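For reference, positions follow the sequence shown, starting with 1. Since the structure is predicted, the reported quantities are computational estimates derived from the model, not experimental observations.
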Amino acid sequence: MNTTEENIVATDLCPYDDAEIPAAMRRMAADPTLGDMVAFAFPDVQLDTVRRKLEEVRSADDFQKAFVQPMLERIIARSSAGFTYGGEENIARDEGHLFVSDHRDIVLDGALLQLVLIYSGLPTSEITFGSNLVSSPFVEDFGRSNKMYKIIRGGCGRDLVRNSRILSDHIHEVVAGGRSIWISQRDGRTKDGDDRTDQGLVKMLTMGGTDGAAEALAGLHIVPFAVSYEYESCDALKAREIYIRRRGTYTKAPGEDLRSIITGVKQPKGRIHIQVCPQLGRDEIAALAAGEEGNDMIRGVASLIDRRIYEAYRLFPTNYIAYDIRSGVNAHEGSRYTPQERERFVAYLKDSVAGIEGDADELFDIMTDIYANPVKNKLSLAAL
């Protein structure tokens, strides 16, 4: 950090250290919001019992074990047809990592990684989340007790550069200390199913290094992973947003982010899979740096992350059905899905857009593209 002011700001953004956890637990126990959370996450547990358990928590790991892990497991049980994962052998046990993934759900993408780490006997990581999502003191306490690091959203010019450096410095500090942190490949969720790593994100990551851009990236031990949902989180809401943006400016309504969080958590997601990819090798990054300069190298690293994610992304019948619908050829019927599955999914797509104001055919096509684009990206690997 370059100034005392930046240090103060960075401290306000960081996860709570263990000394701060008991006070945060007391604030959460006294907050009326706790009742709503308990009613949703632990409907069979008395509120006073949860309050007592909160007051016994003394560390972030205690909080995750006692509350966050059971909450995630309950969400999976209630809103999915099962959660699987693979590739955990790509996570080195003796060093910190920057985990980078596609971004489909506001909360679950990074949160489900924590289950992979717990089930693999690895320490949980920090999770980045936008300051725009901090809607109340309760959310702030819950997030920062859950190892969440708050990214400052908004700003331009000098403020944007300053905020990017604060974030980059923190990421480098975490990984250099042997810990890990997760960030999505772009600021906002992928709305159209076409996962692309933001080159600005890669450029931001180079700001925290001291030995050049390539060495800064190599020192982060970047491990991409792909999170795949059989039924896309908030798919109808995303289709509506795309439809409106095609006709002008889309303006979020007050409380929209919170509603998207709730919808994403509760909405049936079918099967969910996380596949951890091989780490971006120092030699791979060095080769890009040797062969390209400046922004060309940044583009090359972003493309490398994309290829890892496309390779690892698990395609479901919903994806193949959508691709065949949009291509006009039933190339995958029989091998990837049955006629009955196609009939059910087409009905799902039509029902999902029926309540959205606008041209029904265009909305259907937008919804279908959300599911078809991962197949297109997977097929594009053959041309790379």
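In this structure, Lys378 and Tyr323 have side chains that are not in contact, with every pair of non-hydrogen atoms separated by 4.5 Å or more. Ser260 has its side chain within reach of Leu237: a pair of non-hydrogen atoms, C-beta onward, lies under 4.5 Å apart. The shortest side-chain heavy-atom distance between Glu126 and Ile171 does not fall under the 4.5 Å cut-off. Side-chain atoms of Asp141 and Tyr16, non-hydrogen and from C-beta on, do get closer than 4.5 Å to each other. The side-chain heavy atoms of Leu280 and Pro224, taken from C-beta on, include a pair separated by under 4.5 Å.
For the pairing with Arg165, the side-chain contact (heavy atoms from CB on, under 4.5 Å) check across Met207, His170, Met204 returns one residue only, Met207.
For Phe42, the ring-ring contact (aromatic ring centres under 6.0 Å, His included) criterion is met by no residue, not counting sequence neighbours. Residues passing the salt bridge (Lys or Arg N to Asp or Glu O under 4.0 Å) test with Lys269, sequence neighbours excluded: none. Applying the salt bridge (Lys or Arg N to Asp or Glu O under 4.0 Å) criterion to Lys203, with sequence neighbours excluded, gives no partner residue.
Side-chain atoms of Asn373 come within 3.5 Å of backbone N or O of Asp369 as a donor-acceptor pair. At least one donor-acceptor pair under 3.5 Å links the side chain of Asp18 to the backbone N or O of Ala60. When atom types are taken as modelled, the side chain of Arg144 and the backbone of Cys14 share a donor-acceptor pair closer than 3.5 angstrom. No donor-acceptor pair closer than 3.5 Å links the side chain of Tyr337 to the backbone N or O of Asn319. A donor-acceptor pair is defined here as one N or O able to donate and one able to accept, closer than 3.5 Å; no such pair exists between the side chain of Ser303 and the backbone of Gly300. Gln114 places a side-chain N or O within donor-acceptor distance of the main-chain N or O of Ser125, the cut-off being under 3.5 Å. With hydrogens and angles ignored, the 3.5 Å screen pairs no side-chain donor or acceptor of Arg179 with any backbone N or O of Glu173.
For the pair Asp198 and Gly200, the tightest heavy-atom approach, listed with the atom from each and the gap, is OD1-N, 2.8 Å. Between Glu333 and Asp324, the closest heavy-atom pair is N-OD2, 3.7 Å.
Ion pairing of Asp61 with Lys147 is present here, as a side-chain N (NZ or NE/NH1/NH2) and a carboxylate O approach within less than 4.0 Å. Under 4.0 Å is where a charged nitrogen must lie from a carboxylate oxygen, and between Asp109 and Arg104 no such pair does. The residues Arg186 and Asp195 are annotated as not salt-bridged, no charged nitrogen and carboxylate oxygen being separated by less than 4.0 angstrom. Using a cutoff of 4.0 Å between basic side-chain nitrogens and carboxylate oxygens, Glu362 and Arg246 are scored as salt-bridged.
Between Tyr371 and Asp235, the side chains place a donor N or O and an acceptor N or O closer than 3.5 Å (distance only, hydrogens not considered). Side-chain contact annotation: Ser228 with His273, donor-acceptor N/O pair under 3.5 Å absent.
Summarising the hydrophobic clusters (Ile, Leu, Val, Met, Phe, Trp, Tyr; side-chain heavy atoms under 4.5 Å, direct or chained), the residues clustered with Ile262 are Leu258.
Annotation: Tyr231 is in aromatic contact with Tyr348 [ring centroid separation under 6.0 Å]. Aromatic pair Phe142/Phe63: centroids less than 6.0 angstrom apart.
Counted within 6.0 Å of CD on Glu89, heavy atoms from surrounding residues, nucleotides or ligands total more than 12; the atom is thus considered enclosed. Residue Arg189 places its CZ atom among more than 12 non-hydrogen atoms of other residues, nucleotides or ligands, all under 6.0 Å distant.
The salt bridge (Lys or Arg N to Asp or Glu O under 4.0 Å) pairs that include a residue from residues 270-284 are Glu215-Arg282, Glu230-Arg271, Glu284-Arg308, where partners are two or more places apart or lie in different chains. Each salt bridge (Lys or Arg N to Asp or Glu O under 4.0 Å) pair with one or both residues in residues 64-81, not counting sequence neighbours, appears once here: Asp44-Arg74.
Distance CD1/Ile370 to OG1/Thr190: 10.5 Å, rounded to 0.5 Å. Taking CG of Leu217 as the start and CD1 of Ile285 as the end, the distance is 5.5 Å to the nearest 0.5 Å.
Criterion: ILVMFWY side-chain heavy atoms under 4.5 Å apart, direct or through other members. Under it, Val346 and Phe316 are not part of a common hydrophobic cluster.
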ask   = Checking side chain to side chain donor-acceptor pair (under 3.5 Å) for the pair Asn146/Gln64: CA distance, chi angles, key distance, verdict?
value = CA-CA 6 Å; Asn146 190 32; Gln64 290 183 327; 3.0 Å; yes
